[in-house]
Amino acid sequence: MTQKSLGKATQAIHAGEARTSSADKTGVPLLPPIYQNSTFRFATAAECAEAFRDEESGYVYTRWGNPTQEVLEQKLAVLEAGEAALATASGMGAVSTALLTALADGGHVVAMENLYSATFQILNEELPRFGIETTFVDATDPTQIERAIRVDTKVLYLESPTNPLLKLVDLQAAAEIAKARGLTSIIDNTFATPCGQQPIIFGIDVVVHSMTKYMSGSGAVIAGAIIGKKEFIVSAKEGALRNFGAVISPFNAWLTLHGLTTLPLRFTRHSENATHVATFLEAHPAVAWVRHPSLTNHPQHELAKRQMDAFGGMITLELKGGRAAGEHLVDHLQLCSLAVSLGDVRTLICHPASTTHSHVPADIRRRTGITDGLVRISIGLEDAEDIAADLGQALESYTP
Ligand code: LCS
């Protein structure tokens, strides 16, 4: 049995975890232990020098590597069908480390115009200060990607589904363009998780995650991940991650490791619940429109069916009453929580224009469709009927 041939539920539980018995009498703990330490002791100078020379020969210092991080990284590589993985301190730690690695010699970036706002800020504000420019395009249309590529373009940066509009990128078409033009393609797979889609199978080079969300699932940690070819991961680990220092703590690695064991089950339930609630909202008279990849009115529903295994737990909607109705909705919830973040067991609801995407300039928000009346819901694992009933009672109590 190879780990790659196993089903996702089995991989999520067993991949990367030890089975063989160790020499000491504790045997192999069923749950991988937390190595909550910053440094490792050596018996001799020669042993220590060897560990510095050949990192495979032993652990030195937790910013360089730690056994708990590495169990998590092996599980991540198997789940995302990549050669290797790195766990990072946050999703932004993963995004910045991946970009700094792919842009080590400078260059130009072509990026999706609708991105998580801190990623947009890295590309639009931080990297230009170091001479790295980005052209933003509507990457739902592959010809726009093609047209924006310059001779010095090094990276194609994508999200799919996007935060918060749930726009999709044709992964295979984008990967083919990047390959043909010699670019490193990077995708943020936070909304889909490997249970929703595995971009590497479509030819994408590098996957990044905010594991703060579905991957850990509990809302207890801030964490991130990078998955890709061994050469890229080693270069990120020995360069940008180690030196800029966005390293995950052993405790957060351990919490994420255990969160991942239930990801396939949770993601199936998040997806089913979201379809139920989206269908309820679509029929509600107070709702102008609702978007979820499972709905036939999603402009890219056919693409979603082709490249996604599950549609995920995120819904966006606009109320007929606009921003005032949206504010009334979030103020009158009894079960769902007004909170940013997503992928939690609890249903979380937020207003992107004033929160998660408030740092994106208003003209770009309007052009990309993040209207002032937009509401984003991260559907949790409660009973779907209870989530719908809570939203229903808040919608029905609104009078313009
Ligand atoms: N990528 C995506 C798609 C995200 O949604 C987020 C955070 C990040 C990266 C950054 O991850 P972090 O460093 O926070 O682990 N998204 C958030 C959101 O929509 N609300 O609060 C945080």
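Both counts, for ligands and for their atoms, begin at 1 and track the order of listing. All values below come from the heavy atoms of this structure, side chains included, with hydrogens, waters and symmetry mates left out.
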Determine whether the aromatic ring centres of residues Phe267 and Tyr214 are separated by less than 6.0 angstrom. yes
Which atom pairs, nitrogen or oxygen on both sides, join ligand 1 and the protein at under 3.5 angstrom?
residue, atom, partner, partner atom, Å
ligand 1, 1 (N), Asp188, OD2, 2.6
ligand 1, 5 (O), Asn163, ND2, 3.0
ligand 1, 11 (O), Ser210, OG, 3.0
ligand 1, 13 (O), Gly91, N, 3.0
ligand 1, 13 (O), Met92, N, 2.9
ligand 1, 15 (O), Gly91, N, 2.9
ligand 1, 15 (O), Ser210, OG, 2.8
ligand 1, 15 (O), Thr212, OG1, 2.6
ligand 1, 16 (N), Lys213, NZ, 2.9
ligand 1, 19 (O), Asn163, ND2, 3.0
ligand 1, 19 (O), Arg376, NH1, 2.7
ligand 1, 19 (O), Arg376, NH2, 3.2
ligand 1, 20 (N), Ser341, N, 3.0
ligand 1, 21 (O), Ser341, N, 3.0

Would you mind telling me which of Thr261, Leu381, Leu260 makes a side chain to side chain contact (heavy atoms under 4.5 Å, CB included) with Arg266? Leu381
Aromatic plane relationship, Phe311 with His301 - under 30° parallel, 30 to 60° tilted, over 60° perpendicular: tilted
Is it true that Phe52 and Trp64 have ring centroids separated by less than 6.0 Å? yes
Do other residues, nucleotides or ligands put more than 12 heavy atoms under 6.0 Å from Lys229 NZ? no
My understanding is that only one of Val287, Val277, Asn297 makes a side chain to side chain contact (heavy atoms under 4.5 Å, CB included) with Glu282; could you say which? Asn297
